[in-house]
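All values reported here derive from a predicted model rather than from experimental measurement. A note on names: the letters A, B, ... follow the listed sequences, proteins ahead of strands, and every chain is numbered from 1. As a basis for the values below, the full set of heavy atoms in this structure was taken, side chains included, without hydrogen atoms, waters or symmetry mates.
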Protein chains: 2
Amino acid sequence: MAVSLRDVADAAGVSIATASRALGGKGRVSEASMRLVRETADRLGYRVNTLGKALREGSDGVVGIVVPMVSNPFYASLVHEFEDQLSRRNLKLLIADSHGELDREVERLEALASRRVRGIFVVPAYFDRSRPTITKIARQLPLVQVDRRVKDDSTLTFVGVDNADGIGQVLRHVFEQGAKTVVFVGADNRTSVGRERKKAFTTGVEELGLVAQRPIIDRYLFEFGLSAANQLMRRAELPDAVIAGDDLIATGLLSGFVRREMSVPGDVLITGFDGTILADICNPTLTTVQQPMAKIAEVAVAQLMQQIDDAGETGSHVRLRTTLREGGSTARLPTRTVPRSTT
Amino acid sequence: MAVSLRDVADAAGVSIATASRALGGKGRVSEASMRLVRETADRLGYRVNTLGKALREGSDGVVGIVVPMVSNPFYASLVHEFEDQLSRRNLKLLIADSHGELDREVERLEALASRRVRGIFVVPAYFDRSRPTITKIARQLPLVQVDRRVKDDSTLTFVGVDNADGIGQVLRHVFEQGAKTVVFVGADNRTSVGRERKKAFTTGVEELGLVAQRPIIDRYLFEFGLSAANQLMRRAELPDAVIAGDDLIATGLLSGFVRREMSVPGDVLITGFDGTILADICNPTLTTVQQPMAKIAEVAVAQLMQQIDDAGETGSHVRLRTTLREGGSTARLPTRTVPRSTT
DNA sequence: CTGAAAGCGCTTACAG
DNA sequence: CTGAAAGCGCTTACAG
């Protein structure tokens, strides 16, 4: 059995209260007791039982995060940044993967709440269906929505980026590169991010006087990008630029085109969204909308800490700025010298 | 304040013991009490306090994992698989990022042990320096080393792949593609994986009668691959094939070459290790050693469960098989028709 | 400065 | 079937 505070106190010949004070560094303890207790604790290999401490104090230093998919490089980076921010405040990160499924998300959120974590970060799986559980949990403990938000969330805190502005950035960029016809290949209305980027695309296209082809909509997956590229190549006319909903789709598109001997940016321009490592790795490199991951984590953690301290201070929505990260995928305007192969 | 079992019991007019039994589903409870208590609990929005439960039972359903860097796609996938495996057993995953630094690793491991997690998965940051803490912790609770191991770990459990065989697979592959001169670009002796892959390269080269150029050794980073490509291009003679220590380095190499107008596989063949999504995304796609991530998680979790149940059953080392995943980066033998540009 | 005691929320023998 | 009680390990008023 593990050694408890009781064991240390007995071995040191002091009360359990004194032992606690000596180890915890709180309350008055004589220099002698302090040393004695600490030595004894070391000798016995004592380690505080966080469970007991937490029960007594109401909560332990654990914060939970629910993401749709850790294996998505964007969320992997985000988790990394959160872990970093939290560890500076001596908090631990409990990670839960919802797989983008409502059932799992609900189950995970309830489990975190049961565990009496100090707070929760959540990237909602759905814009509307995630709402009930999230608002319910938020009434019970500090909660911050990250990256995505749910419908009618004026009472909930949110930290993410300005997706509309981000899409505007790439749209203006391809416009400046000479693109006239564009197409959006992104995700559906299931998530706030899907909605916002899709809508911003439509708005931006109008403002710039571009011609938009019929969009292709599905999930944030590399495989989807791949198949979308094939669909596009089957169309009568290839657009000048493809605006992808995220980097996974964008790199999928890029691979899809290149594998069919098309040139990017020679035949078509492609842009992504997120600014993950994927944008560096593909060839050509991907022009993308860079999300400030570290900043998102920093602000989200700050918001959560504020809720923990002030208890009640919720409802603020923070939209961080994205930046255009130029890569080779939009390096020059498409020059359709060679008629593209039809397949 | 959150509603406690006490509240539910009072509201239902039963003892706290009966309430506990009714909710927990253990022990004899009358049908009537059962229904009454459950209804009351629902009405009050009761949710068991895992902390109290855990203190009573000695541990909660949390398992910790310490990885060097969640943002590395390989570890992101691994974490994803672990979360999946664990959630089926109703266990939660506490994630800790060591950044590959000893201090952080020690601190994280101690914290997990303090928290009385059910067990720990750890990817050791160092082959030798990580040993003391890991063996110490392993004496106190179930622990399984994953992917990497520490020195003299016959008492420790380990689950990973057969790195020697994996390197052998790519080496034979490039040999069959006609490569004569090869070079290893990988990581140092700091980790077991670095050691094993490096050593396997040397052994394999001898067996196949290949000529090895001086290796380039550093960390598992995309940026390192990038700079290694530049170093290689500065050499008098470019090797026929570059065997990279992992996919990050491999894609870095690939980008490095391609950005300098070299052709892969036209001028040089490249192979990776891990089988992450990166191998799909780069262009050409990367030939790599596929690690069975799901299987690793499955076996590692099974090993941990066994330790939890049998208490003491440690020391087994499981080496899973890797498979060769062929991509475009080794599609054909280099044909040096064009003298390569010197820069 | 130090100790005895209460209590965080829960589960489970132990009686009845 | 049900309740009173003990106890998991800890911290912190409360006395002294």
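The CG-C1' distance, from A/Asp60 to D/dC8, rounds to 16 Å in whole Å. A/Arg47 places its CZ atom 12 Å from the P atom of D/dC10, with the value rounded to the nearest Å. The separation between B/Leu51 atom CG and C/dG7 atom P is 19 Å, rounded to whole Å. The distance between atom CD of B/Glu57 and atom C1' of D/dC8, rounded to the nearest whole Å, is 10 Å. Look at CZ on B/Arg28: it is 16 Å from P on D/dG3, rounded to the nearest Å. Summarising the geometry, the separation between NZ on B/Lys53 and C1' on C/dG9 is reported as 12 Å, rounded to the nearest angstrom. In this structure, A/Ile16 atom CD1 and C/dA6 atom P are separated by 14 Å, rounded to whole Å.
Remark: D/dA13 base-pairs with no nucleotide; criterion is Watson-Crick or G-U wobble with both hydrogen-bond distances under 3.5 Å. Both distances falling under 3.5 Å, in either a Watson-Crick or a G-U wobble arrangement, occur for no nucleotide opposite C/dA4.
Nearest-nucleotide positions on DNA chain C place A/Gly13 closer to the 5' end than the other of A/Gly13 and B/Val48.
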With the criterion being N/O to N/O and under 3.5 Å, what pairs connect the protein with nucleotides 13-16 of chain D, and how long is each?
unit_1: D/dA13; atom_1: N6; unit_2: A/Arg21; atom_2: NH2; d: 2.8

Under the side-chain contact (heavy atoms from CB on, under 4.5 Å) rule, what do B/Arg190 and B/Arg195 come out as? Steps first, then yes or no, please.
-> CA-CA 8 Å; B/Arg190 175 184 327 220; B/Arg195 288 167 185 258; over 6 Å; no
side-chain contact (heavy atoms from CB on, under 4.5 Å) between B/Val63 and B/Leu304, worked out | CA-CA 10 Å; B/Val63 164; B/Leu304 194 78; 4.0 Å; yes
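A/Ser33 comes within contact range of the sugar-phosphate backbone alone, with a heavy-atom separation under 4.0 Å but no base atom that close. Residue B/Ser30 is classed as a sugar-phosphate contact, given heavy-atom separations below 4.0 Å to backbone atoms only. Within 4.0 Å (heavy atoms only), A/Leu5 reaches at least one base atom of the nucleic acid. Among the protein residues, A/Ser20 comes within range of the nucleic acid bases, having at least one heavy atom under 4.0 Å from a base atom.
Each salt bridge (charged side-chain N to carboxylate O under 4.0 Å, His left out) pair with one or both residues in residues 152-161 of chain A, not counting sequence neighbours, appears once here: A/Arg149-A/Asp153.
For the pair A/Arg104 and B/Glu83, the salt-bridge criterion is met [side-chain N within less than 4.0 Å of a carboxylate O]. A salt bridge links A/Arg88 with A/Asp84: at least one charged nitrogen is closer than 4.0 Å to a carboxylate oxygen.
Residues A/Tyr75 and A/Asp97 have side chains that never bring a donor and an acceptor to within less than 3.5 angstrom of each other.
With D/dG9, C/dG9, D/dC1 as the candidates, the nucleotide lying closest to the side chain of B/Ser4 is C/dG9.
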